[in-house]
Student: 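Attaching a single structure in C-alpha cells format; questions to follow.
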Amino acid sequence: MSGWWAYLEERTCREVDADVLQDRRLSAIRSVWEALRPLGVDLHEAERVVHARYEALGDRVRRTPPDPLDLPSLAARAAALSGRVAAVEALWDGDTVHDWFVILVAVLDAPDGEGHLATVYHRPDSSPPGVAAAEAGQALAGHLGVPFHFASPDVPDDDAPRWRTPSTCPARSPTSSAPPNRSLSSEPGSTTA
C-alpha cells in the first residue's frame with residue numbers, strides 16, 4: 001500500500017474508496033491528486049495510490065464490463081446512430097491509466113460526423129486491442145457493406161491518417177480498406193455527431 005494513503009483526510013479516503021468500488025478510476029485519481037498535490041505528490045504517484053486501493057478492495061470493486069465487440073451488439077450501435085454509416089474506423093488513443101487502447105467509430109455522412117461504437121482496452125485474457133478491434137471492425141464493415149479503415153493496426157499511433165467520408169475523398173469501392181487522401185477537416189481522435 002502506498003504510504004501516501006495515510007496522509008489523506010478520512011472524508012477523502014471515503015470518497016476515493018467509493019469511486020474505486022464503482023470503478024471510477026479517474027475520479028479517484030483526481031481526488032487523491034488534488035488532496036496530496038500540496039505535499040508534492042505528482043499525478044503518477046496519485047495513480048499508484050489509487051491502484052493500491054483497487055488491490056486492497058479486490059473483488060468488491062464493481063468493474064465496468066468491456067464494450068461488447070460481437071457483431072449483433074456493434075450492428076445495433078451502428079443502427080442507432082443518427083447518420084448513414086459510410087465506413088468503420090479503428091483509432092489508437094492512450095492515457096496514463098489505460099496505456100494504449102483502440103476506439104471503434106462509425107464514420108457518418110448525411111450528417112457528417114462519427115459515432116462511438118466501442119473502446120477496446122488491453123485485457124489480460126483476450127487478444128491485444130489492435131487485433132480485437134481489427135477483427136470486430138472488419139466484421140461490422142463487412143456486415144454493413146462499407147469500408148473498414150485502421151491505418152496502424154500493429155503499432156499504436158494516434159497520429160495515423162484518418163478515414164474521410166466519400167464527400168471529402170475520391171470515389172471509393174465499398175470493399176476497399178486502403179486509406180483515403182488525408183483531409184485536414186478534423187483532428188485525430190475528435191468526435192462529432
Student: How far apart are the closest heavy atoms of Leu117 and Ala78, and which atoms are they?
Tutor: CD2-N, 3.8 Å

Student: Minimum heavy-atom separation for Ala87 to Val146, with atom names?
Tutor: CA-CG2, 3.8 Å

Student: Following the transitive rule for hydrophobic clusters with a side-chain heavy-atom cut-off under 4.5 Å over Ile, Leu, Val, Met, Phe, Trp and Tyr, establish whether Val155 and Tyr121 coincide in one cluster.
Tutor: no

Student: When rounded to the nearest 0.5 angstrom, what is the spacing between CG in Leu108 and OG in Ser82?
Tutor: 6.0 Å

Student: So, for Ser31 and Glu15, which heavy atoms are closest and what is the spacing to 0.1 Å?
Tutor: OG-OE1, 4.3 Å

Student: Write down the atom of Arg77, the atom of Pro68, and the distance for their closest heavy-atom approach.
Tutor: NH2-CD, 3.8 Å

Student: Kindly indicate whether the side chain of Leu57, heavy atoms from C-beta on, has any atom under 4.5 Å from the side chain of Arg60.
Tutor: yes

Student: Checking side-chain contact (heavy atoms from CB on, under 4.5 Å) for the pair Val50/Val20: CA distance, chi angles, key distance, verdict?
Tutor: CA-CA 8 Å; Val50 170; Val20 168; 4.1 Å; yes

Student: Measure the shortest side-chain to side-chain distance between Val41 and Tyr7 over non-hydrogen atoms and say whether it is less than 4.5 angstrom.
Tutor: no

Student: In Å, rounded to the nearest 0.5 Å, how long is the span from CD of Glu89 to CH2 of Trp163?
Tutor: 9.0 Å

Student: If hydrophobic clusters are built by linking Ile, Leu, Val, Met, Phe, Trp and Tyr wherever their side-chain heavy atoms come under 4.5 Å apart, do Leu69 and Val131 end up in the same one?
Tutor: no

Student: Any chance you could measure Arg48, atom CZ, to Ile29, atom CD1, to the nearest 0.5 Å?
Tutor: 12.0 Å

Student: Are Pro129 and Arg123 close enough that some pair of their side-chain heavy atoms sits under 4.5 Å apart?
Tutor: no

Student: Kindly compute the distance separating CG (Leu74) from CG (Leu144), expressed to the nearest 0.5 Å.
Tutor: 9.5 Å

Student: Taking the side chain as C-beta and beyond, is there a heavy-atom pair between Leu39 and Trp4 under 4.5 Å?
Tutor: yes

Student: Taking the cut-offs as 6.0 angstrom to the six-membered ring centre and 45 degrees off its axis, would you call Arg37 and Trp33 a cation-pi pair?
Tutor: yes

Student: Report the relative orientation of the aromatic rings in Trp92 and Phe150; use parallel for angles under 30°, tilted for 30 to 60°, perpendicular for over 60°.
Tutor: tilted

Student: After noting the C-alpha distance and the side-chain angles of His116 and Ile103, does the key distance pass the side-chain contact (heavy atoms from CB on, under 4.5 Å) rule?
Tutor: CA-CA 8 Å; His116 180 267; Ile103 301 170; 3.7 Å; yes

Student: Taking atom CG as the centre, does Asp59 end up with more than 12 heavy-atom neighbours from other residues, nucleotides or ligands that are less than 6.0 angstrom away?
Tutor: no

Student: Could you tell me whether Arg162 and Glu114 make a salt bridge, using a distance below 4.0 angstrom between a side-chain N and a carboxylate O?
Tutor: yes

Student: Can you measure from CG (Leu104) to CG (Leu140) and round to the nearest 0.5 angstrom?
Tutor: 8.0 Å

Student: For residues Leu8 and Val32, determine if any side-chain heavy atom of one lies less than 4.5 Å from a side-chain heavy atom of the other.
Tutor: yes

Student: What residues form a salt bridge (charged side-chain N to carboxylate O under 4.0 Å, His left out) with Glu135, not counting sequence neighbours?
Tutor: none

Student: Could you work out, with salt bridge (charged side-chain N to carboxylate O under 4.0 Å, His left out) as the rule, every residue matching Arg25, not counting sequence neighbours?
Tutor: none

Student: Do Arg53 and Trp5 come close enough that some side-chain heavy atom pair is under 4.5 Å?
Tutor: yes

Student: Quick one: does Phe101's side chain get under 4.5 Å of His122's, heavy atoms only?
Tutor: no

Student: Any side-chain heavy-atom pair from Thr64 and Arg24 closer than 4.5 angstrom?
Tutor: no

Student: Let's go through Arg84 and Asp109 carefully: what are the C-alpha distance in whole Å and the side-chain angles of both, what is the deciding distance for salt bridge (charged side-chain N to carboxylate O under 4.0 Å, His left out) to 0.1 Å, and is it a yes or a no?
Tutor: CA-CA 6 Å; Arg84 185 183 73 79; Asp109 61 351; 2.8 Å; yes

Student: So how far is it from Leu91 CG to Ser152 OG, rounded to the nearest 0.5 Å?
Tutor: 11.0 Å

